[in-house]
Amino acid sequence: MQILLIHSDFIEYETKKSTPVAEKIDDDLKKGRMEEVLAVFVAVEKSDEDKPEYAASQTVAEIKKVTEQVKTNRVMLYPYAHLSSSLSSPKTAIETLKKIEELLKEAQFEVKRAPFGWYKSFTIKCKGHPLSELSRTIRIGEEKCVMVLKEKEKEEVVSEALKSEAKATSYWHILTPEGELLKPEEFDFKGHDNLKKFVNYEIHKSRAVDKIPPHVELMRRLELADYEPGSDSGNMRFYPKGRLMKSLIENYVLEETAKMGAMEVETPLMYDMNHPTLKKYLDRFPARQYSIEADKKQLFLRFAACFGQFLMNHDMTISYRNLPLRMVELTRYSFRKEQSGELVGLRRLRAFTMPDMHSLCKDMDEAVEQFNEQYNMCINVLSKIGINLSDFEVAIRFTRDFYEENRDFIVGLVKTVNKPVLIELWDQRFFYFVLKFEFNYIDAMDKASALSTVQIDVENAERYGIKYIDSTGAEKRPFILHCSPSGAIERCIYALLEKANMNSEKGIVPMFPVWLSPTQVRVIPVAGKHMEYAKKVAGELNGRVDIDDREETVGKKIRDAGKEWIPYVAVVGDEEINSGNITVTVRSESLPNKPSNIKMSVGELNERISKEISDFPFKRHPLAVKLTERPRFV
RNA sequence: GCCGUCGUGGCUUAGCUCGGUAAAGCGGCUGAUUCGUAAUCAGCAGAUCAAGGGUUCAAAUCCCUUCGACGGCUCCA
């Protein structure tokens, strides 16, 4: 049995023409309409033929569940053969449909049934809320819901978490730094445009813009990253400049976690799907996996570093003196087989790089304290990457129990960012965590993407058998914090590109932070005879320096340097050779089409650059110093 | 995954309605220019028009299928 449930403002149908298998009907059934209704499209299948009554009763049970969630008692049954490629006989189908109708009527539902075996026209207005479109497969002898992948004729096991999410009821609020907990409709969003967009995105899932994402064009034009047609969708190629930026951010984040005391480890990319512990965890994690078969094993590609680290924790001997114990891994890659329609440029990928840190804490007090410390670290990390407090919106999500016990702490988190945040509250714990936050970047299309996140996990220490010995010698379960200080590195680059594009539209010249700029200084000799001097200057300059040795006009070279968002462009010609200075175009001080030129010494420029990059990792330029020696990637 | 739009040299696009020799700019190469702050001039090379199938005397153009990108839906620890 396949059913598709659509919570609708209305559905109406009209019979057009009978088919050979049509049931005989009275004229009054040739048209039908219901309002505020759950439309149930049904395909009775071959596998139902053994026990049609069982199939009918299971279907009714599913319908009841959904009607309770969407709060209606009106049902329109609509035979819909297209849901299945393995249909039952028409006779069984009609019987089963009638049985469903009968059972629903017994349960006090207001039911109508569209006739079987007719060509019908129908109009339906779907309500469009998160639960308004659901599908179910009902199989005899199986309690579990499974989704059927038609193209593979293979059943995909959908994790329990994916399902439980549909059942979770969320209560949305806005929490202000003053500690006021307001319903979204009570909150005055004036001056909080991005928060409004974020709330709208989270709760109503509605957007009104249709533009192509600017970062997709930029990632190619700047030769950072590109699609790889030879791979699966959502698996990108990174050109030298993109790889450089990724590498710098990766190293930076790792360094910040190391400062906190995190130990860097490395764990496998693929795991046995039938490992008893992992199997249970898969069920609690709402992600779809890539799976591969090797020898006789079913393996899946990791979607985070949790697996490897928890398995490692399981085998470790840990004393209370070792806590909080932090481990970090930079996952290159984490794999998530997101739905194809969801993939966009660098925003949503199927293979991405993510720092994943886990902290074992002795009790909830320590977990909360660590949570707070990591919350602050995340703010700092993002701002150093170039994404400031004003660029992202905060969501804090927790269970009601956690909130009751930690009200002041939650308000404290809001005070830290000093702006209202979105709160999602659950009556029960549907997930493995009791508290989490995310920092969400809001782009020009009003889409929200999570960057940093921390969660307090109360489940996995038990599941993985992770324990520590407390001061009395007793074994105890730690609480585990999951933390990704920056979120996916690719997503950080997406946010930087989108931000730069937004700036550009506001009349601000777009650029990356200097420490992340692939070329930090470009030296431009005015004519061929200045080349030797240009090389000398380049040799004396700090940072990633290159030389535009092409035979182009100065104007053209300046413009091209601008197109690459190079922070400092030093022109050298007769004047500079005579004065010993260089003339520097400073991007951060330039206006569109109005470069800002400052005469300074090489030493002065070095000092300026040092100030901007000294706190960060440094890597040499991956490309040849002379532009004429560089290939083009796009 | 579903619905819709799109896919033409390396890049950006014209041509597609109404079938008949694929056009341009940028980039590349060659030559001239040796140049002072956001595009120097000229020439040359470069395209089985996403892939596969169909209709036709003839397909970039019409039809079908597949793949990919984007938008919407769904989803998003």
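Throughout, a chain's letter reflects where its sequence line sits, starting with A, and its residues are numbered from 1. All figures in this text were calculated on a predicted structure; none of them were measured in a lab.
- rC26(B) and rG9(B) have their C1' atoms separated by 12 Å, with the value rounded to a whole Å.
- The nucleotide whose nearest atom lies closest to any side-chain atom of P213(A) is, among rG71(B), rU37(B), rA38(B), rG71(B).
- In this structure, D226(A) places its CG atom 13 Å from C1' of rG68(B), rounding to the nearest Å.
- Place E575(A) and R350(A) on RNA chain B by their nearest nucleotides, and R350(A) ends up nearer the 5' end.
- Across the protein-nucleic acid pair, E338(A) atom CD and rC75(B) atom P stand 13 Å apart, rounded to whole Å.
- Side-chain N or O atoms of S452(A) include one that pairs as donor or acceptor with a backbone N or O of P485(A) at under 3.5 Å.
- In this structure, the side chain to side chain donor-acceptor pair (under 3.5 Å) partners of E329(A), at least two apart in sequence or on a different chain, are T267(A), R302(A).
- Across all strands shown, rC75(B) remains unpaired; no Watson-Crick or G-U wobble contact has both distances below 3.5 Å.
- Nucleotides rG54(B) and rG15(B) are separated by 29 Å at their P atoms, to the nearest Å.
- Nearest heavy atom pair, residue M377(A) against residue C483(A), reads CE-SG, 4.0 Å.
- If you take CD of E498(A) and P of rC70(B), they are 12 Å apart, rounded to a whole angstrom.
- Pairing of rC6(B), defined by two Watson-Crick or G-U wobble distances under 3.5 Å, is identified with rG68(B).
- Nearest nucleotide to the V216(A) side chain, out of rG1(B), rC70(B), rA38(B): rC70(B).
- Residue I442(A) comes nearest to M502(A) through the heavy atom pair O-CE, 3.7 Å, listed as atom of the first residue, atom of the second, then distance.
- Nucleotide rA22(B) forms no Watson-Crick or G-U wobble pair with any nucleotide shown, as no partner meets the under 3.5 Å limit on both distances.
- For rC62(B), the paired nucleotide is rG54(B), the pair qualifying as Watson-Crick or G-U wobble because both relevant distances are below 3.5 Å.
- Residue contacts for R221(A): at a heavy-atom cut-off of 4.0 Å it reaches no nucleic acid atom on any strand shown.
- Side-chain N/O atoms of R347(A) and base N/O atoms of rC76(B) include no donor-acceptor pair closer than 3.5 Å.
- A salt bridge does not link D560(A) to R522(A): none of the charged side-chain nitrogens sits closer than 4.0 Å to a carboxylate oxygen.
- R630(A) pairs by the salt bridge (Lys or Arg N to Asp or Glu O under 4.0 Å) definition with D546(A), not counting sequence neighbours.
- Note on ring orientation: taking the six-membered ring where Trp is involved, the planes of F437(A) and F439(A) are tilted (angle from 30° to 60°).
- Side-chain contact between F238(A) and M219(A): absent, with no pair of heavy atoms (C-beta onward) separated by less than 4.5 Å.
- Computed from coordinates, the R630(A) CZ to rG27(B) C1' distance equals 16 Å when rounded to whole Å.
- Among the heavy atoms of the strands lying under 4.0 Å from E576(A) is at least one base atom, whether or not backbone atoms are also near.
- Distances shorter than 4.0 Å separate none of the side-chain N or O atoms of Y227(A) from OP1 or OP2 on rG7(B).
- Side chains of T628(A) and D549(A): a donor-acceptor N/O pair is present below 3.5 angstrom, by distance only.
- Figure legend. rU40(B) is base-paired to rA32(B); pairs are counted as Watson-Crick or G-U wobble with both atom distances under 3.5 Å.
- The interatomic distance linking L222(A) (CG) with rG27(B) (P) rounds to 17 Å, in whole Å.
- Results of the side chain to side chain contact (heavy atoms under 4.5 Å, CB included) test with F633(A) over R220(A), R237(A), E223(A) single out E223(A) as the only residue that passes.
- Rounded to a whole Å, the CZ atom of R550(A) is 10 Å from the P atom of rC29(B).
- For rG31(B) and rA24(B), the P atoms lie 24 Å apart once the distance is rounded to whole Å.
- Using a 4.0 Å heavy-atom distance criterion, R587(A) is classed as a base contact.
- Base-pair partner of rC49(B): not found among the strands shown (Watson-Crick or G-U wobble, both distances under 3.5 Å).
- Here the separation of rC70(B) from rU30(B), taken at their C1' atoms, is 39 Å to the nearest Å.
- Using a 4.0 Å cut-off, some side-chain N or O of S233(A) falls inside it from OP1 or OP2 of rG68(B).
- The nucleotide rG27(B) finds no pairing partner, because no Watson-Crick or G-U wobble arrangement with both distances shorter than 3.5 Å includes it.
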Please list, pair by pair, any protein nitrogen or oxygen found under 3.5 Å from a nitrogen or oxygen in nucleotides 33-35 of chain B.
unit_1, atom_1, unit_2, atom_2, d
rU33(B), O4, E551(A), OE1, 2.5
rU34(B), O2, G528(A), N, 2.9
rU34(B), O4, E551(A), OE1, 3.1
rU34(B), O4, E551(A), OE2, 3.2

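- Of the residues near RNA chain B, A448(A) and V344(A), the one whose nearest nucleotide (by heavy atom distance) lies more toward the 5' end is V344(A).
- Taking a cutoff of 4.0 Å between a charged side-chain nitrogen and a carboxylate oxygen, E459(A) and R429(A) qualify as a salt bridge.
- Atom CD in E589(A) sits about 17 Å away from atom C1' in rA38(B), given to the nearest Å.
- Across all strands shown, G341(A) has heavy atoms under 4.0 Å from base atoms, whether or not it also approaches the sugar-phosphate.
- Across rU66(B) and rG7(B), the matching C1' atoms stand 14 Å from one another, rounded to whole Å.
- RNA chain B lies under 4.0 Å from at least one heavy atom of each of the following residues of residues 556-563 of chain A: K556(A), I558(A), R559(A), G562(A).
- Partners of K436(A) according to the salt bridge (Lys or Arg N to Asp or Glu O under 4.0 Å) rule, which considers only residues two or more places apart in sequence or in another chain, are E438(A).
- Distance check on atom P: rU17(B) versus rG27(B) gives 33 Å, rounded to whole Å.
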Checklist entry - Can you give one letter per nucleotide of nucleotides 9-14 of chain B, going 5' to 3': B for a protein heavy atom under 4.0 Å from the base, S for sugar-phosphate only, - for none? => result -SSS--
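- The two atoms that bring S590(A) and V509(A) nearest to each other are O-CG2, 3.2 Å, heavy atoms only.
- With both ends at atom C1', the span from rU8(B) to rG46(B) equals 14 Å, rounded to whole Å.
- If you measure from atom CZ of R348(A) to atom P of rA69(B), you get 14 Å, rounded to the nearest angstrom.
- Among the heavy atoms of the strands lying under 4.0 Å from F352(A) is at least one base atom, whether or not backbone atoms are also near.
- For the 3.5 Å distance criterion, the side chains of Y239(A) and D226(A) qualify, holding a donor opposite an acceptor.
- Residue P595(A) is in base contact, counting any heavy-atom pair closer than 4.0 Å across all strands shown.
- Distance noted for atom P between rC62(B) and rC6(B): 10 Å (whole Å).
- Among the protein residues, I524(A) comes within range of no part of the nucleic acid, since none of its heavy atoms lies under 4.0 Å from any strand.
- Note on ring orientation: taking the six-membered ring where Trp is involved, the planes of Y271(A) and F307(A) are tilted (angle from 30° to 60°).
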